[in-house]
Amino acid sequence: MSAPQTQPENRARRRFLQDAARGTAGCAVAGMGLVWLVQDARALPQRAIRPPGALPENDFLAACIRCGLCVRDCPYDTLVLAELGVDGAATGTPFFTARDVPCEMCDDIPCVVACPTGALDHDLTNIDDARMGVAVLIDQENCLNALGLRCDVCYRVCPVIDEAITLERSHNERSGHHAIFMPTVHADACTGCGKCEKSCVLPDESAIKVLPFRTARAEAADHYKRGWEENTPLVDELIDLPDRLPGPGTDNLAAPGGFEPAFQLPTLGGSN
Amino acid sequence: MSDTIHLPVGREAVLENGWWHAHRFLILRRISQTFFLSLFLLGPWFGIWWVKGNLSGSLTFDILPLTDPFIAVQSVVAGHWPELTALIGALVIGVAYALIGGRVYCSWVCPINPVTDAASWLHRKLDLPKGWQPKRGTRLFMLAMVLVVSVLTGTIAWEVVNPISMLHRGLIFGMGFAWTFVIGVFLFDLLLARRGWCGHLCPVGAFYGLLGQKSLLRVTANNRADCDDCMDCFAVCPEMHVITPALRGQDSDTPLILSADCTNCGRCIDVCAPKVFQFTHRFDDTPAPGRVRTRSNPAPKVGKAA
């Protein structure tokens, strides 16, 4: 030390402060690195589906101790623990890939029972209430049913058949005289088990996929009024705006409401 | 200093007490580490599910839950109150290590210990420089850092990088690239900082050290009067600063190694030819006279028995 008048206790205090500052700075640097890794670990891939009852991802990473007891008690070897650098989910956390092995929706939900921490919510006692994700018919161009064929496999294997997936009949415009039985998912009943994705007969990727809610679902447009659900008028006095008819002239502001076209289209079903 | 300092570490103990006596706690520790790992591997390898899970959390004989209390603490500060099962498990583990010594976990159970022991052994063989030697309190800073990051991010932060769970879970559930963490710790200890990871940085060890601060099981240097200054105990001890107060103490100082950093590995007992050390409990007050030796006299070539 260059200062000759420095007292021993001053030196000791100076040294203590220096050590504390160095330790704090070192830990701040290490801590920032750790925060970065933690943020990285939050990026749950789209195809990695958490077990039934899993808390929302942010809460899940505070609760899951990565012990693998859910994996051990899964009778169908559906669940696996994510391996570092191989699976995208946070290292050591449980997930499944529906296209490989879907959830068989056991009635007694052994994975949830096995979870020691509640990362899988013990309040989930009816597997039909599980919301692991939601199935989406994501490739309507290759889905055989959408093409007008009768594959129906995703519909048939659905554990909540006719509630989570229905076949909605519509006219087959291509053939002109057949029906299309469109597999249609109803998110309020879909558990996200992935049996539809697993069983899709297309060779590689499935046309119907289980996706996380954060990807598959939008928020309902509550600021729009659904006139067919409630009849109360939007404003107190009814405002009757002039109706516009289809056909040429609907944008004709000089004659609102359109006019009879000069030529007649072939009649469409006679009405209107 | 005695001339035995020139012998390879532990050699004199082998010559005087026999090979087994000079290695017994080392062997017992390796057996213990293998035993605890095997318990977890019986299931996946042989279908004998006595123990399910891993060191983070497990279920033994379908009845006894065990949880790593450090992980439980991180979970709580991250904002999740675990179910009773995990809390009971953490309590069982916490009480057990508080009694037998927190860092007994480090030396008798932790699967990273053989890795860093191997690094330390090779370090000694290659006669490499000490490298970076962080201050003794650094691991406590690390511990605080981990808890702060857990609070800030709302996650069990250390499990993102913890090499212990990486290796243990990897062996039981599938390794992925977790081995890179193990290699990393090995190279760090070998080339960058001697005894760096377990001895200076690991926050898990810091946590268990705090847990076992008042533990019952202790090593004592009660026969310190016979010490011949061969320095072998310092050479093998992963936390060598814990030895000095006990071994070099005066008559009035306790011969018990009371530092929470001591891992109760017993290696000092192994390598000591004059049998200075032994296991005992913290209330052992057998009188242990200090060495008769004047500090002014460096005493060349004394102390070597026979």
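Just so we're on the same page: letters track the sequence lines, and every chain starts at 1.
- Of all residues spanning residues 47-58 of chain A, those with a heavy atom less than 4.5 Å away from chain B's heavy atoms are Leu55(A), Asn58(A), arranged by number.
- At a 4.5 Å heavy-atom cutoff, Asp87(A) makes no contact with chain B through either its backbone or its side chain.
- Contact of Val80(A) with chain B is not made at all, since no heavy-atom distance falls under 4.5 Å.
- The shortest distance between side-chain heavy atoms of Asp68(B) and Ile65(A) does not fall below 4.5 Å.
- Both the backbone and the side chain of Thr24(A) come within contact range of chain B, with heavy atoms under 4.5 Å apart.
- Only the side chain of Leu81(A) comes within contact range of chain B, with at least one heavy atom under 4.5 Å from a heavy atom of that chain.
- Put simply, the side chain of Lys52(B) reaches to within 4.5 Å of the side chain of Asp73(A), judged on heavy atoms.
- The side-chain contact (heavy atoms from CB on, under 4.5 Å) with Leu34(A) is formed by just one residue from the set Val148(B), Thr155(B), Thr153(B), Val149(B); it is Val149(B).
- Residue Arg22(A) does not touch chain B at all, counting heavy-atom pairs closer than 4.5 Å.
- Of the residues Ile156(B), Val160(B), Val161(B), the one that meets the side-chain contact (heavy atoms from CB on, under 4.5 Å) test with Val38(A) is Val160(B).
- Both the backbone and the side chain of Ala63(A) come within contact range of chain B, with heavy atoms under 4.5 Å apart.
- Residue contact with chain B, scored on non-hydrogen atoms closer than 4.5 Å, is absent for Cys70(A).
- Of the two parts of Ser75(B), the backbone and the side chain both hold a non-hydrogen atom closer than 4.5 Å to a non-hydrogen atom of chain A.
- What you find for Ala30(A) and Met145(B) is that their closest heavy atoms are CB-CE, 3.8 Å.
- Side-chain contact check for Arg72(A) versus Ile172(B): some heavy-atom pair is nearer than 4.5 Å.
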